Visitor: 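I have a structure here, written as C-alpha cells, and I will follow up with some questions on it.
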Amino acid sequence: GQRGIPVLSVNTGAVVLSWTDSASNGSYRVRRATGPTPADFSNATCWVVQGTTSTDPAPPDNGISYEYLVEASSFCP
C-alpha cells in the first residue's frame, strides 16, 4: 500500500503519530519495531486506525528506540 511519512511527538510518555491522508478509505496500519529493516518490521507490533493520527497503545519503555511504519491498509499481517 501507499506509505505515509509520520510525524512523531512525545508527550509525557505518550507517543503520538500523525500523517497526511493518502488512503481513499482512511484506514491505516501502524507498525512499531526496534529496527528499520524489513526483517524488523516482519515481527513488529501492529495496530489499525481510522484517520491520520494514532497514539501508541503501549508506550515504549524509556531508553529504547523504536521505528514506526504507517501504511494505507485495513489489516495487520
Side-chain angles (χ1 to χ4, degrees):
Q2 292 180 328
R3 295 182 178 170
I5 299 174
V7 174
L8 172 69
S9 65
V10 178
N11 262 332
T12 319
V15 176
V16 179
L17 301 166
S18 62
W19 55 89
T20 303
D21 189 15
S22 66
S24 59
N25 66 357
S27 185
Y28 293 89
R29 170 175 57 210
V30 181
R31 293 193 277 175
R32 180 186 73 214
T34 55
T37 69
D40 295 322
F41 279 101
S42 69
N43 296 318
T45 300
C46 183
W47 62 96
V48 174
V49 298
Q50 286 294 122
T52 58
T53 302
S54 178
T55 300
D56 191 332
D61 296 329
N62 289 333
I64 299 174
S65 295
Y66 288 96
E67 303 283 334
Y68 290 86
L69 178 63
V70 178
E71 300 174 287
S73 179
S74 59
F75 65 94
C76 285

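What you see below is based on every heavy atom in this structure, not just the backbone, and it leaves out hydrogens, waters and symmetry mates. From a predicted model like this one, the values you see are computed outputs, not experimental measurements.
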Visitor: Rounded to the nearest 0.5 Å, what separation is found between the CG atom of Leu17 and the OG1 atom of Thr55?
Guide: 8.0 Å
Visitor: Give the minimum heavy-atom separation between Gly35 and Phe41, together with the two atoms involved.
Guide: O-CE1, 3.5 Å
Visitor: Working to the nearest 0.5 angstrom, can you tell me the gap between Arg29 CZ and Trp47 CH2?
Guide: 12.5 Å
Visitor: Side chains of Glu67 and Leu69, heavy atoms from C-beta outward: is any pair under 4.5 Å?
Guide: no
Visitor: Considering only heavy atoms from C-beta outward, does the side chain of Ser18 approach that of Thr53 to under 4.5 Å?
Guide: yes
Visitor: Under the side chain to side chain donor-acceptor pair (under 3.5 Å) rule, what do Tyr68 and Asp56 come out as? Steps first, then yes or no, please.
Guide: CA-CA 10 Å; Tyr68 290 86; Asp56 191 332; 2.7 Å; yes
Visitor: Is it the case that the side chain of Ser73 and the backbone of Tyr28 share a donor-acceptor pair, with hydrogens and angles ignored and the cut-off at 3.5 Å?
Guide: no
Visitor: First locate atom CZ of Arg32, then atom OG1 of Thr45, and finally report the distance between them rounded to the nearest 0.5 Å.
Guide: 4.0 Å
Visitor: Quick check: closest heavy atoms across Arg31 and Cys46, and the distance to 0.1 Å?
Guide: CG-SG, 3.8 Å
